[in-house]
Engineer: 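Take this structure, written in structure tokens, and hold onto it; I'll ask about it next.
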Amino acid sequence: MATAVRRGLLPAGAAAAGTLRREGLTDLHWKLLGDALVGFLSHSGPVLAKLGQMLATRDDLLPAAVGVRLESLYSGQPPMSDAERDRVLKAAYPRKRPFVRLARRPLGVGSIGQVHRARGRDGRRLVVKLVRPGVEDAIRRDVNTAQVLTELFFGVFGRSDGHTRSLVLGVIGDLGRELESEANLENEADALEEFGRRFADHPRVRVPACDRAASSRHVLVLEELSGEPLAALRERARSDPETAKRVADLALREILSQILDDGRFHADPHGGNLLILEDGRLGLIDLGSTGALSGEERRRISRAARAFLTRDPDAAIRALLEFGTTPDDFDLTAFKADAREAFRAGRDPAEAGLDAESVEKRVREIFGVARRHGIQVPPSTVLLVRALATIEGVARSLDPDIDVVVTALPVLLRSLTPRWMRWRTWRRAALGRIRRSA
């Protein structure tokens, strides 16, 4: 923690002079705050670093200048030392490495590990992902510390709101379990293989192939996709608005399709994990965090979305109640009143179209009401809300005028169509028969 404070707070004076010289006075105070947060969070362990990544897409909570700074947490965290990197590789490959050259400088550094470019023995361009030594212990330590501090806070300040306390502890626990899952690269290898099969013939999406034989719990070897991260495209959105608009529409549409059509989705689709490839397809990388929804869960989501689009608060409330379990002291009347107020958002729904508002904000408000009334939602729904919030933020960062509802409507209508009636179902079945007969 001392290192985090030293890196994040103490250099503020020198950083202010340099930022002023390079970028001028515009939003200087927010930029300095963002730089200080990056310095603090990047040296505070994997849990706080992940929280910073999640905040990077939340322009509704933080000024845009701060969010842009926090995006560096996706790939700009402190790298491993050479000794740590070599120790991981030695443990994974005690005899012979499956690549002839590994770039000394990391391609990207995250809270869990880092990635390097490499050259395979067959000449292929590869990416090698390494987990930081001891990161599992660090995650457990951070989670335990956060839970102790939470208990201390509620104890010292005499808070008797058991629902809020349980909510905070639940969020911390869910985040810890998610990070522990990400630290086991065998889970990501499984996801890469499953997504790879699903998108093998997809005209708009590409997933890198995984070398499963060369991968293990702490090392992942996969092909390198050649493309531009959407976070980088954001920097030139003004100079190339048509490309930015097209990519925003593509990314939003495809992530929504994963959620509503397939039920298995990229749960962390931030601007560093999505690439626009040279052939125009959307590249999905870093599948360490994925969500899975059952058919019934997808139908619930579709019903909830339909309720929003038809401005039906009663249907939205029924759909929301289906998402989770209610406590013993649940006050249905109070919940309905609060949910209707959040649904109206202070405006007459007959006069205000939903397409002018942030869908992510409305979803967050509605689920916030559920949490305040003690409704417990399953982890799959938490991942869903986060994925929706993240991809909506990414799309708007590329195209501030994007109409989320217009983009989502065809995907929603398709999800409400029985699967046996969909063209994709017939096409997949035909391709399967062709492969089997070949």
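Note that these values count all heavy atoms, side chains included, but never hydrogens, waters or copies made by symmetry.
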Engineer: As an exercise, state the distance from CG of Asp142 to CG of Leu179, rounded to the nearest 0.5 Å.
Structural biologist: 9.0 Å
Engineer: Within the 4.5 Å heavy-atom criterion, are Leu284 and Asn273 side-chain neighbours or not?
Structural biologist: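 They are not in contact (no side-chain heavy atoms under 4.5 Å apart), so the answer is no.
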Engineer: With sequence neighbours excluded, what pairs up with Ser215 under the side-chain hydrogen bond (donor to acceptor under 3.5 Å, both in side chains) test?
Structural biologist: none
Engineer: Run His373 and Asp338 through side chain to side chain donor-acceptor pair (under 3.5 Å) and show every step you take.
Structural biologist: CA-CA 9 Å; His373 284 266; Asp338 288 349; 2.7 Å; yes
Engineer: Between Asp399 and Asp249, is there a donor-acceptor pair closer than 3.5 Å when you use the side chain of the first and the backbone of the second?
Structural biologist: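 Checking the backbone N and O of Asp249 against the side chain of Asp399, no donor-acceptor pair under 3.5 Å is found.
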Engineer: Check whether any side-chain N or O of Ser257 sits under 3.5 Å from a backbone N or O of Arg253 as a donor-acceptor pair, and report yes or no.
Structural biologist: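 Not at all, since once roles are kept as given, no pair shorter than 3.5 Å links the two residues.
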Engineer: Partners of Arg318 by salt bridge (Lys or Arg N to Asp or Glu O under 4.0 Å), sequence neighbours excluded?
Structural biologist: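 Not a single residue meets the salt bridge (Lys or Arg N to Asp or Glu O under 4.0 Å) criterion with Arg318.
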Engineer: So, does Glu182 use its side chain to make a donor-acceptor pair with the main chain of Ser289 at under 3.5 Å?
Structural biologist: no
Engineer: From Arg234 CZ over to Leu398 CG, what is the distance, rounded to the nearest 0.5 angstrom?
Structural biologist: 8.0 Å
Engineer: Between Gly113 and Met80, which heavy-atom pair has the shortest distance, and what is it?
Structural biologist: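 Looking at all heavy atoms of both residues, the shortest contact is CA-CE, 4.5 Å.
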Engineer: Between Asp314 and Lys336, is there a side-chain N and carboxylate O pair less than 4.0 Å apart?
Structural biologist: no
Engineer: Taking the side chain as every heavy atom from C-beta outward, state whether Arg132 and Ile112 have any pair of such atoms under 4.5 Å apart.
Structural biologist: no
Engineer: Pair Glu180, Glu136 - check side chain to side chain contact (heavy atoms under 4.5 Å, CB included), show working.
Structural biologist: CA-CA 6 Å; Glu180 287 183 346; Glu136 294 97 336; 5.8 Å; no
Engineer: Is Glu278 close to Glu228 at the side-chain level, that is, under 4.5 Å between some pair of heavy atoms?
Structural biologist: no
Engineer: With rounding to the nearest 0.5 angstrom, report the CD1 to CG distance, Ile391 to Leu274.
Structural biologist: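 Answer rounded to 0.5 Å: 5.0 Å.
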Engineer: Counting only N and O atoms by type, is there a donor-acceptor contact under 3.5 Å from the side chain of Glu194 to the main-chain atoms of Ala191?
Structural biologist: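 Checked: no pair found.
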Engineer: List the atom of Phe265, the atom of Ala292, and the distance in Å for their closest heavy-atom pair.
Structural biologist: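 Closest heavy-atom pair between Phe265 and Ala292: CE2-N, 4.0 Å.
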Engineer: The test is salt bridge (charged side-chain N to carboxylate O under 4.0 Å, His left out); show your working for Arg396 and Glu392 and say whether it passes.
Structural biologist: CA-CA 6 Å; Arg396 287 196 183 280; Glu392 198 261 354; 2.4 Å; yes
Engineer: Test side chain to side chain contact (heavy atoms under 4.5 Å, CB included) on Leu282 and Arg204 and set out the steps.
Structural biologist: CA-CA 6 Å; Leu282 183 71; Arg204 296 180 299 278; over 6 Å; no
Engineer: Counting C-beta onward and ignoring hydrogens, is there a side-chain heavy-atom pair between Val128 and Arg117 closer than 4.5 Å?
Structural biologist: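 With C-beta onward as the side chain, the pair stays apart.
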Engineer: Just one of Val135, Asn184, Val131 clears the side chain to side chain contact (heavy atoms under 4.5 Å, CB included) bar with His218, so which one?
Structural biologist: Val131
Engineer: Among Arg264, Glu188, Gln258, exactly one meets side-chain hydrogen bond (donor to acceptor under 3.5 Å, both in side chains) together with Thr290. Which residue is that?
Structural biologist: Arg264
Engineer: I'd like to know if Lys129 and Asp286 make a salt bridge, using a cut-off of under 4.0 Å between side-chain N and carboxylate O.
Structural biologist: yes
Engineer: Would a distance-only check, ignoring hydrogens and angles, find a side-chain to backbone donor-acceptor pair under 3.5 Å from His266 to Gly291?
Structural biologist: no
Engineer: Is there a side chain to side chain contact (heavy atoms under 4.5 Å, CB included) between Val247 and Leu230? Walk through the geometry before answering.
Structural biologist: CA-CA 8 Å; Val247 173; Leu230 268 58; 3.8 Å; yes
Engineer: Report the C-alpha separation of Arg198 and Asp262 in whole Å, then their side-chain angles, then the decisive distance to 0.1 Å, and conclude whether the side chain to side chain contact (heavy atoms under 4.5 Å, CB included) test is met.
Structural biologist: CA-CA 9 Å; Arg198 179 145 51 97; Asp262 302 321; 2.9 Å; yes
Engineer: Roughly how far, to the nearest 0.5 Å, is CZ of Arg238 from CD of Glu235?
Structural biologist: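 So the gap between those two atoms works out to 10.5 Å.
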Engineer: Are Arg212 and Asp190 ion-paired here, with the side-chain N under 4.0 Å from a carboxylate O?
Structural biologist: yes
Engineer: Any side-chain heavy atom of Ile375 sitting closer than 4.5 Å to one from Phe335?
Structural biologist: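 Yes, at least one pair of side-chain atoms sits under 4.5 Å.
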Engineer: Measure across Leu252 and Ala395 and return the closest heavy-atom pair with its distance rounded to 0.1 Å.
Structural biologist: CB-CB, 4.2 Å
Engineer: How far apart are the closest heavy atoms of Leu220 and Leu185, and which atoms are they?
Structural biologist: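 Reported closest heavy-atom pair: N-CD1, 3.6 Å.
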Engineer: Could you tell me whether the side chain of Arg298 reaches within less than 4.5 Å of the side chain of Leu293, counting heavy atoms only?
Structural biologist: yes
Engineer: Does any part of the side chain of Pro106, heavy atoms only, come nearer than 4.5 Å to the side chain of Val115, both counted from C-beta?
Structural biologist: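 Contact flag for Val115/Pro106 side chains = no.
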Engineer: Donor-acceptor pair, distance only, cut-off 3.5 Å: does the side chain of His270 make one with the backbone of Gly272?
Structural biologist: yes
Engineer: Do you know the tightest heavy-atom contact between Arg140 and Asp137?
Structural biologist: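 In terms of heavy atoms, the two residues are closest at NH2-OD1, 2.6 Å.
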Engineer: Can Glu254 and Arg281 be said to form a salt bridge (charged side-chain N to carboxylate O under 4.0 Å, His left out), step by step?
Structural biologist: CA-CA 11 Å; Glu254 292 304 326; Arg281 285 186 290 178; over 6 Å; no
Engineer: Using atom types as modelled and distance alone, determine if a side-chain donor or acceptor of Ser239 lies under 3.5 Å from a backbone N or O of Arg236.
Structural biologist: yes
Engineer: How many angstroms lie between atom CG of Leu332 and atom CG of Leu321, to the nearest 0.5 angstrom?
Structural biologist: 6.5 Å
Engineer: Looking at every non-hydrogen atom in both residues, tell me the closest pair between Ala244 and Ala237 and how far apart they are.
Structural biologist: CB-CB, 3.8 Å
Engineer: Any chance you could measure Ile255, atom CD1, to Leu260, atom CG, to the nearest 0.5 Å?
Structural biologist: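 Ile255 CD1 to Leu260 CG: 11.5 Å, rounded to 0.5 Å.
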